[in-house]
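Residue numbers run from 1 in the order of the sequence given.
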Amino acid sequence: MARKTVSDSRLDDAARAGWLYYVAGRTQDEIAAAMNISRQSAQRLVSLAVAEKLVKVRIDHPIAVCLELAEAVKTKFRLKQVEIVPTDPGSEATTTGIAQAGAGELEQWLKKPEPLTIAMGTGRTLRAVIDQLSPMDCPQHRIVSLTGNISPDGSAAYFNVIFSMADAVKAPHFPMPLPVIVSSRQERDLMRSQPLVAPTIELGRRADVAFVGIGEMAMGAPLMQDGFLKAPEMDELLKAGATGEICGWVFDAKGRLLDHPVNERVASIEIPSRAHCTVIGMARGRRKHAAIRAALAGAHINALITDEAAAHFLLNDE
């Protein structure tokens, strides 16, 4: 007897249920509530995802609506590439989904035989990406950090990814032995001119691809949580129109880098030129929507990995 063909819409639902179950870690009751179906239907969809080989370590079926959203975002903002992952209705604050997608994208670049310079930002999202990375040997590539690996207290920055990534892929790596933000422009210029730092900066500027997180600007934002900015400084930045940041570089709602003393103290490498580098921005969550839009408005990135909710925000916002 011929095998019954499963409809595309049924596979879409199975892929979504499989993603919620295996990637987001939701129970079948939670999936049923999120998809507005019965628990039995949720169970059958998860089983179908396995039977159709949609479930591996990562979901191996592009949900149709995500593909459509990705194409629409790509066209609207004239981007090189866009990947949209499902939104987990029960989790606003995690990197679930985009970490797996980011790891898959990073692995595609790492598998290229020609030597590449791969630049990495820092932060919680990129740390989650590296945690998902498959071990491999990539001696042909060079990994360079766009941001410093030192916290304000002199300790190693917890969310800097250069060392853990290099360990996973066995590639030469070039860290930035600086904080993200220093005390003055003069200190920044002096530090960046040092013989051990200047070559790394030049390497980062010539990167072939860069993976960066997009941070929101608000009280309690990562730059404050990690000790690089104090509350009065953040308050001042917000009054000046700060909306988002990439590698510590702060920009307003239109994507313009703020003419502010804090940006003069950023020791991170400038975001590589989009003329020769694919700069992949990664972020999800409602609190980051405005920052993602601003990063696109300012053309700080030319590729994006985000979720459905952010895609809808970007497409519906005028």
Side-chain angles (χ1 to χ4, degrees), residues 79-83 98-99 101-123 125-150 156-157 159-180 188-189 191-215 245-249 257 266-283 295 298-305:
L79 302 175
K80 285 187 174 183
Q81 60 190 72
V82 175
E83 183 166 358
I98 64 167
E105 178 64 25
L106 180 53
E107 286 174 8
Q108 293 305 308
W109 286 90
L110 289 167
K111 289 175 182 176
K112 293 179 184 291
E114 66 272 18
L116 298 172
T117 298
I118 301 174
M120 301 298 295
T122 188
T125 299
L126 290 180
R127 176 69 179 256
V129 167
I130 302 308
D131 288 343
Q132 295 286 332
L133 202 60
S134 300
M136 58 183 75
D137 291 327
C138 305
Q140 74 275 29
H141 302 317
R142 293 181 294 183
I143 313 299
V144 60
S145 180
L146 290 174
T147 60
N149 56 14
I150 299 175
F159 292 106
N160 191 278
V161 303
I162 190 75
F163 298 112
S164 53
M165 179 179 170
D167 188 51
V169 303
K170 305 297 185 292
H173 55 290
F174 300 81
M176 277 276 287
L178 302 175
V180 176
R188 181 195 70 177
D189 293 345
M191 287 182 167
R192 291 175 65 168
S193 67
Q194 297 305 303
L196 291 177
V197 177
T200 298
I201 293 174
E202 183 57 31
L203 187 65
R205 287 172 175 163
R206 293 186 284 107
D208 299 292
V209 61
F211 288 77
V212 297
I214 303 170
E245 59 89 10
I246 294 176
C247 297
W249 296 100
L257 288 176
V266 176
S268 302
I269 301 172
E270 290 80 2
I271 302 167
S273 170
R274 275 64 74 202
H276 65 77
C277 180
T278 300
V279 181
I280 303 171
M282 302 179 59
H300 297 297
I301 58 175
N302 54 15
L304 177 66
I305 299 175

Check your understanding: Among all residues two or more places apart in sequence or in another chain, which pass the side-chain contact (heavy atoms from CB on, under 4.5 Å) test with Ala166?
Key -> His173
Review point. Lys112: what forms a side-chain hydrogen bond (donor to acceptor under 3.5 Å, both in side chains) with it, not counting sequence neighbours?
Key: none
Check your understanding: Just how far is it from atom CG of Leu304 to atom NZ of Lys80, taken to the nearest 0.5 Å?
Key -> 14.5 Å
Practice item. Grab the two heavy atoms, one from Val180 and one from Cys247, that are nearest each other, plus how far apart they are. Key: CG1-O, 4.0 Å
Exercise for review: Just do the side chain to side chain contact (heavy atoms under 4.5 Å, CB included) check on Met176 and Ile201 with the steps written out, would you?
Suggested key: CA-CA 8 Å; Met176 277 276 287; Ile201 293 174; 4.1 Å; yes
Point to revise | Step-by-step side chain to side chain contact (heavy atoms under 4.5 Å, CB included) determination, Trp109 to Ile280 | key: CA-CA 12 Å; Trp109 286 90; Ile280 303 171; 4.1 Å; yes
Exercise for review: Report yes if the side chains of Gln108 and Lys111 come closer than 4.5 Å at any heavy-atom pair, otherwise no.
Suggested key: yes
Review point. Can you list every side chain to side chain donor-acceptor pair (under 3.5 Å) pair that touches residues 136-149, not counting sequence neighbours?
Key: Thr117-Arg142
Check your understanding: For the side chain of Asn160 and the backbone of Ile150, is there at least one donor-acceptor N/O pair under 3.5 Å apart?
Key -> no
Check your understanding: Testing Leu146, Val161, Ile130, Leu126 for side-chain contact (heavy atoms from CB on, under 4.5 Å) with Phe211, which one passes?
Key -> Leu126
**Study point:** Which atom of Ala207 lies closest to which atom of Ala119, heavy atoms considered
**Key:** CB-CB, 3.7 Å
Review point. By side-chain hydrogen bond (donor to acceptor under 3.5 Å, both in side chains), which residues pair with Arg205, not counting sequence neighbours?
Key: Glu270
Study note, to complete from the structure: Across all chains, not counting sequence neighbours, the salt bridge (charged side-chain N to carboxylate O under 4.0 Å, His left out) partners of Arg206 are Glu202
Review point. Between Asp167, Ile143, Val144, which is the residue that forms a side-chain contact (heavy atoms from CB on, under 4.5 Å) with Ile162?
Key: Ile143
Exercise for review: Could you grab the distance from atom CD1 of Ile305 to atom CD of Gln81, nearest 0.5 Å is fine?
Suggested key: 7.5 Å
Review point. Residues two or more places apart in sequence or in another chain: which of them pass side-chain contact (heavy atoms from CB on, under 4.5 Å) with Ala168?
Key: Leu133
Check your understanding: Taking all non-hydrogen atoms of both residues, which atom of Ser268 and which atom of Trp249 are closest, and how far apart?
Key -> O-CZ2, 3.3 Å
Review point. Got a sec, which residues hit side-chain hydrogen bond (donor to acceptor under 3.5 Å, both in side chains) with Thr200, two or more places apart in sequence or on another chain?
Key: none
Study note, to complete from the structure: CE (Met165) and CD1 (Ile118) are apart, to the nearest 0.5 Å, by 5.0 Å
Check your understanding: Would you say Asn302's side chain and Thr278's backbone share a donor-acceptor pair under 3.5 angstrom?
Key -> no
